Amino acid sequence: MSLILTLAAWGFLLLIAWNLWGVVRYSVQTSRQLHQIPCANCQFFTNSHYLKCPIHPKSALTEEAINCSDYWP
């Protein structure tokens, strides 16, 4: 009986570790993708809550803005 409980406890800990690893991996991938958005360095970026970009207001600071043709470094 104690062997079964020990194996169940180790299995539970491995499951938790596996899920934590998945969360960390997903967070790193998302962070890398979001750091490719060039809006904050664009000359047209206003940093205003109401109008972030006068040229592309719907796609500013989203994944659609990664390959923005109006971005000037």
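Just so you know, these numbers come straight off a predicted model, no measurement behind them. Residue numbers start at 1 and run along the sequence shown.
Smallest separation of non-hydrogen atoms from K52 and L61: CD-CD1, 3.4 Å. Annotation for A65 and P38: closest pair O-CD, 3.3 Å, computed over non-hydrogen atoms. A pairwise comparison of heavy atoms in F44 and D70 identifies CE1-O, 3.4 Å as the closest pair. Smallest separation of non-hydrogen atoms from P54 and T46: CD-CG2, 3.9 Å.
In this structure, SG in C42 is found 12.5 Å from CD1 in I37, a value given to the nearest 0.5 Å. Put simply, OG1 on T6 and CE on M1 are 10.5 Å apart, with the number rounded to the nearest 0.5 Å. Interatomic distance, C39 SG to H56 NE2, rounded to the nearest 0.5 Å: 9.0 Å. Between the OG atom in S27 and the CG atom in L34 there is a gap of 10.5 Å [rounded to 0.5 Å]. To the nearest 0.5 angstrom, N47 atom CG is 12.0 Å from C53 atom SG. Remark: Q29 CD to R32 CZ distance equals 8.0 Å, nearest 0.5 Å.
Within 6.0 Å of CG in N19 there are more than 12 heavy atoms belonging to other residues, nucleotides or ligands. No more than 12 heavy atoms of other residues, nucleotides or ligands sit less than 6.0 Å from atom CD1 of I4.
Under the 4.5 Å side-chain heavy-atom criterion for grouping Ile, Leu, Val, Met, Phe, Trp and Tyr, I66 is not connected to Y71 through any hydrophobic cluster. Cluster membership check: L20 shares its hydrophobic cluster with F12, using side-chain heavy-atom separations under 4.5 Å among Ile, Leu, Val, Met, Phe, Trp and Tyr.
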